[in-house]
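Take a look at the structure below.
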Number of protein chains: 2
Amino acid sequence: MRNAVGAKRIVTDEACMTKLVAPTPEAGSKPAQILAAAGALFLENGYGAVSMDAVSKKANVSKATLYAHFGSKDELFRAMVACECASSALNGVWDKATALPAAEGLRMIGLEFVTFVLSAKALAAHRVVLGEAHRFPELARAFYEAGPALTFGRVNAYLEDVNRRGELAIPDIDMATHQYFGLIKANLHMKLLLCLTERPSDLTIQRFVDAAVDLFVKGYAPPAP
Amino acid sequence: MRNAVGAKRIVTDEACMTKLVAPTPEAGSKPAQILAAAGALFLENGYGAVSMDAVSKKANVSKATLYAHFGSKDELFRAMVACECASSALNGVWDKATALPAAEGLRMIGLEFVTFVLSAKALAAHRVVLGEAHRFPELARAFYEAGPALTFGRVNAYLEDVNRRGELAIPDIDMATHQYFGLIKANLHMKLLLCLTERPSDLTIQRFVDAAVDLFVKGYAPPAP
DNA sequence: GTCTATAAATGGATAGAC
DNA sequence: GTCTATCCATTTATAGAC
């Protein structure tokens, strides 16, 4: 049933780990319509509350067509997540950040990161993947690898660099990256995931990023000479 | 359909905000059996993937009995969440922490908090509530109020105290509490929510708490006199 | 490839006996 | 209060015509 014919979007590499392969089909094609509809519906309502009927209607496509392209609801869900993961790379920040003093670089990275992570789309994606993490563990892993893990690695490298330059004195880079992630998201991420508050203003976000960077930089300041 | 007869578990106060009322029925009674079964199933599989049939079977109860006690699947879900929220108060830590120096108090609070938050049950609860936050926004709010919000308030009060004593110099208590939450959970919480790793050992947890407190205390250390 | 129509199963919820 | 048996809507998935 799973991985039916034509389901090339999930592949398994030698390490036996599912990965998300760039799935975006030509714009305007039926698969694209379907994925768009599935994205909207799944992200809005979650896996269980969305029927294939609803997807086919929203995509202006018959159910038979839907099943011709995606062999099952599972597969459609996986493809949709893969599709939504495409835009999470935070491209372009890293080079610019490297040229700046640590505090400024961290501020820039943080602002970019938190703006993305608190966006409606990213929040919805987190919600739906988290909600189904038990039943789709490989998907959850693939989601993490395709998004947060990349950023984690980049921040890690950045901190290593800053450390080498002597701007900060970080004994455990990996731990510091963990902390930076936590600090940047603070409690805002969870509150927004729970739909407890509207998306904060840009000013508020800036305040949180500034506070996070201040604390981080002060906490990891090299000892005075 | 909702809030049918006998559905006293969700009430609405004057401010029009749903709250979770202590719902634990006598142990051994049918409602208790049902709630236990519902808890196990919903927390394991999520809302959509669990049928009332499955709940009734797991509870060794007929579906009619199930519906006699809980008017609908929604209501059962709400009652289950309310029931699972009962044990999240972290009682007892606060008085002890107040008697300690700031770093030690924060360490103790953090250890208790993170141990709870990373427990299998708390993680499962977060997953299922997050997954349905769109469709049950009042439930998500009630969940937050019954758990995280309480802890947030306590930490806030604790930091205010520490600040007044002059042990730390915190310009914005609310922001600092946000940061403490973030630091303590670091990226571990998300990774565990995504089922990406086994529950870390007590030693690992301690390492994260220690690192968080070190950074926090150093970052908010009062200026040298 | 795409559609209409339908099969087959499962789900939430209820009726009526005890 | 509890059970057995059942109704009816919805859902996933497919068959067969164009």
Side-chain angles (χ1 to χ4, degrees), chain A residues 1-9 23 25-38 41-42 44-80 128 131-132 135-136 139, chain B residues 1-10 23 25-38 41-42 44-81 128 131-132 135-136 139:
Chain A
M1 196 87 79
R2 290 181 181 184
N3 291 330
V5 187
K8 301 260 178 51
R9 277 167 199 88
E26 313 135 62
S29 66
K30 299 268 165 165
Q33 287 176 44
I34 295 171
L35 278 175
L41 290 174
F42 279 133
E44 177 78 16
N45 304 106
Y47 180 83
V50 173
S51 71
M52 294 297 260
D53 230 9
V55 174
S56 76
K57 253 181 225 163
K58 176 132 193 165
N60 281 110
V61 157
S62 78
K63 274 209 287 185
T65 303
L66 205 174
Y67 276 97
H69 290 277
F70 304 92
S72 70
K73 189 180 177 183
D74 275 26
E75 195 188 317
L76 177 60
F77 184 63
R78 293 180 150 88
M80 180 279 290
V128 72
E132 304 299 328
R135 291 164 3 95
F136 298 90
L139 184 66
Chain B
M1 196 85 80
R2 289 182 182 183
N3 290 333
V5 187
K8 301 258 177 53
R9 276 167 199 86
I10 297 287
E26 313 136 62
S29 65
K30 300 267 167 165
Q33 286 176 45
I34 295 171
L35 278 176
L41 290 174
F42 279 132
E44 178 78 17
N45 305 107
Y47 180 83
V50 172
S51 69
M52 295 296 260
D53 233 7
V55 175
S56 75
K57 254 183 224 164
K58 176 132 191 163
N60 282 111
V61 157
S62 79
K63 271 212 287 186
T65 302
L66 205 174
Y67 275 97
H69 289 278
F70 305 92
S72 71
K73 190 180 177 183
D74 275 26
E75 195 189 318
L76 176 62
F77 184 64
R78 293 181 150 87
M80 182 278 289
V81 173
V128 71
E132 305 298 329
R135 294 167 356 98
F136 298 90
L139 184 66

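Convention: sequence-line order gives letters A, B, ...; per-chain numbering from 1.
- To the nearest angstrom, P of C:dC3 lies 9 Å from CG of A:Asn60.
- With contacts defined as side-chain heavy-atom distances shorter than 4.5 Å, the pair A:Leu139/A:Phe77 qualifies.
- One atom, NZ of A:Lys73, and another, P of C:dT10, lie 15 Å apart when rounded to the nearest Å.
- When the P atom of C:dG11 is taken as reference, atom CG of B:Leu66 falls 14 Å away, rounded to whole Å.
- Note: B:Tyr47 and B:Phe136 meet the aromatic proximity criterion, with ring centroids under 6.0 Å apart.
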Test log, rule side chain to side chain contact (heavy atoms under 4.5 Å, CB included), inputs B:Met52 and B:Phe70: CA-CA 11 Å; B:Met52 295 296 260; B:Phe70 305 92; 5.6 Å; no
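- Taking all atoms of both residues into account, the shortest heavy-atom contact from A:Ile34 to A:Val61 is CD1-CG1, 4.3 Å.
- Regarding contacts with the backbone of D:dT2, every side-chain N or O of B:Ser62 stays at 4.0 angstrom or more from both OP1 and OP2.
- Not a single donor-acceptor pair, N or O on each side, falls under 3.5 Å between the base of C:dG1 and the side chain of A:Lys30.
- For A:Lys63 and D:dA15, the NZ to P distance is 14 Å, given to the nearest whole Å.
- A salt bridge links A:Glu132 to A:Arg135: one of the charged nitrogens lies within less than 4.0 Å of a carboxylate oxygen.
- Remark: nothing in residues 51-58 of chain A comes within less than 4.0 Å of DNA chain C through any heavy atom.
- Rounded to whole Å, the distance from CG on B:Leu76 to P on C:dA13 is 10 Å.
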Apply side chain to side chain contact (heavy atoms under 4.5 Å, CB included) to residues B:Phe42 and B:Leu76 and explain how you reach the verdict. CA-CA 10 Å; B:Phe42 279 132; B:Leu76 176 62; 4.1 Å; yes
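- One atom, NE2 of A:His69, and another, P of D:dT14, lie 15 Å apart when rounded to the nearest Å.
- At least one side-chain nitrogen or oxygen of A:Tyr67 sits closer than 4.0 Å to the OP1 or OP2 atom of D:dA13.
- Taking every side-chain heavy atom of B:Ala64 into account, D:dT4 is the closest of D:dT4, C:dC3, D:dA13.
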